[in-house]
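Encoded as structure tokens, the structure appears first; notes follow it.
The structure presented is a predicted model; accordingly, all values stated were derived computationally and were not measured. Here is the naming used below: chain letters follow the sequence lines, and residue numbers restart at 1 for every chain.
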There are 2 protein chains.
Amino acid sequence: MLRSCAARLRTLGAPPARRPGLVWRLFSSEKVIHKDYGLPNPSWSKDLRLLFDQFMKKCEDGSWKRLPSYRQNPQIFKDFQTRFVDPRFAKEEQMSKAQQFTRSFEEGLGFEYVMFYNKAEKRMVCLFQSGLHLQGVPGYVHGGAIATIIDVTTGTCAIAEGIAMTANLNIDYKKEATCDHQVECDGSWHPGTMQEQ
Amino acid sequence: MLRSCAARLRTLGAPPARRPGLVWRLFSSEKVIHKDYGLPNPSWSKDLRLLFDQFMKKCEDGSWKRLPSYRQNPQIFKDFQTRFVDPRFAKEEQMSKAQQFTRSFEEGLGFEYVMFYNKAEKRMVCLFQSGLHLQGVPGYVHGGAIATIIDVTTGTCAIAEGIAMTANLNIDYKKEATCDHQVECDGSWHPGTMQEQ
């Protein structure tokens, strides 16, 4: 689907956020009070389940880790509140209604994906299946939806090393992807940049 | 929000699609059987309504045109079927369940936007307000959602000149956008590229 993609990420304000221990904890399953969307559901295709099983196998020796994924994560929110003094972040009531963009769809209709992280290689793999509500031109996945899943993969990989936001996103689309498409995004972290094939 | 953005678009397969008359018709209100989402609703902020009114005023002399926007558009689908023989596009039953990515959210929670087109200037303006389900890191709009609204603006501008898909999307994010953000995207068409400020 993609010929090439590059994303530059920058840390989000001061102080510099490089506390892998803390951020890695955000991926853990501690204090989980919401549904984990990074698990198979009936909408997943046979191929996606197969890939999922392959990566779960790789997790057995601890080299890879499956990342749970939520619509809301109060732990991450609290962490951001601690770091930023900006009063916009103090609106806890409003923020409690906010949802993760990629998890705001009904099962099977939007972004169906799971991410696996290899800490030693600083590498993130995202297994992704698109739903029928991600349509751009008829029959094809929207270019913005493709950009989103790339941004999620590279961004989450960067967040494993410190809180970050995308500074540049540069995508060459090789060919169109149909709405029933599934793909494996593979990103690795190099300071200042992310590369994805 | 954005320092700069560039998008390259390519026509979608053969034959080259440069029939402005036909494509322009896709923007018309003929045969509308679905709700038009490019109109104000109670979730719109005062500022967004004000901008909307300003552009509606510009439409009075015919230089600008507001583009209606739907979750599904059978006319566009039929047009794509005529152009492409690929059997994937013949699955009308499946495609009838597909929805436009940017219109697949409940009122006020996702992409609230309206586009205005100036045919003489080949220029598209998108007035956009983000909802709480477009969140990336807590409190901020997801980079993928920002990429999506840019892709929608540039893509729709290109489609006014012929059916097209995004070939490259290159975005520099100047600063973060909060979840209650609104912005005016302004794109113009030059053969082979789109520039947006």
Side-chain angles (χ1 to χ4, degrees), chain A residues 7-8 10 12-13 71-73 76-77 79-81 84 86 88-89 91 94-95 97-105 109-110 132-152 155 159 163-174 176 178-180, chain B residues 7-8 10 12-13 71-73 76-77 79-81 84 86 88-89 91 94-95 97-105 109-110 132-152 155 159 163-174 176 178-180:
Chain A
R8 282 202 315 272
R10 58 189 162 80
L12 225 181
R71 281 190 171 164
Q72 297 177 308
N73 192 327
I76 294 183
F77 177 56
D79 208 64
F80 267 76
Q81 273 195 316
F84 302 102
D86 191 319
R88 288 177 303 182
F89 297 94
K91 295 176 191 167
Q94 195 191 17
M95 286 305 102
K97 295 175 189 161
Q99 283 189 11
Q100 183 65 22
F101 175 38
T102 49
R103 295 304 187 188
S104 293
F105 291 81
L109 294 177
L132 290 173
H133 285 191
L134 301 188
Q135 181 175 251
V137 296
Y140 293 113
V141 181
H142 198 290
I146 295 170
T148 297
I149 206 69
I150 290 166
D151 192 41
V152 163
I159 283 172
I163 288 177
M165 283 180 91
T166 307
N168 170 267
L169 191 64
N170 187 357
I171 302 167
D172 286 324
Y173 296 86
K174 188 177 180 185
E176 61 276 11
T178 52
C179 272
D180 55 355
Chain B
R8 283 201 315 274
R10 57 189 162 80
L12 223 182
R71 280 190 172 164
Q72 297 177 308
N73 192 327
I76 294 183
F77 177 56
D79 209 64
F80 267 77
Q81 274 196 317
F84 302 102
D86 191 320
R88 288 178 303 184
F89 297 95
K91 294 176 190 167
Q94 195 193 15
M95 286 303 103
K97 294 175 189 162
Q99 283 188 13
Q100 183 66 21
F101 175 38
T102 50
R103 295 303 187 189
S104 293
F105 291 80
L109 294 177
L132 290 173
H133 286 192
L134 301 188
Q135 183 176 251
V137 296
Y140 293 113
V141 181
H142 198 290
I146 295 170
T148 298
I149 206 70
I150 290 167
D151 192 42
V152 163
I159 283 173
I163 288 176
M165 282 179 92
T166 307
N168 169 266
L169 191 64
N170 188 357
I171 302 168
D172 286 324
Y173 296 86
K174 189 178 180 184
E176 62 276 10
T178 52
C179 272
D180 55 354

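Here the OG1 atom belonging to A/Thr166 is positioned 9.5 Å from the CD1 atom belonging to B/Ile171, to the nearest 0.5 angstrom. Taking NE2 of B/His133 as the reference point, atom CZ of A/Arg71 lies at 7.5 Å (rounded to 0.5 Å). Residue B/His142 holds its NE2 atom at 5.5 Å from CD of A/Gln100, rounded to the nearest 0.5 Å.
Residues A/Gly144 and B/Phe101 approach most closely at C-CE2, 4.0 Å, considering heavy atoms. Residues B/Gln135 and A/Gln99 share a closest heavy-atom pair of CB-O, 3.1 Å.
Highest contact tally toward chain B, considering only A/Leu134, A/Val152, A/Thr102, is held by A/Leu134 [criterion: heavy-atom pairs under 4.5 Å]. Heavy-atom pairs under 4.5 Å with chain A peak, among B/Gly110, B/Ala147, B/Ala145, at B/Ala145.
Counting only heavy atoms from C-beta outward, the side chains of B/Ile159 and A/Val137 approach each other to under 4.5 Å.
B/Asp172 places no side-chain N or O within 3.5 Å of a backbone atom of A/Asn168 that could act as its donor or acceptor partner.
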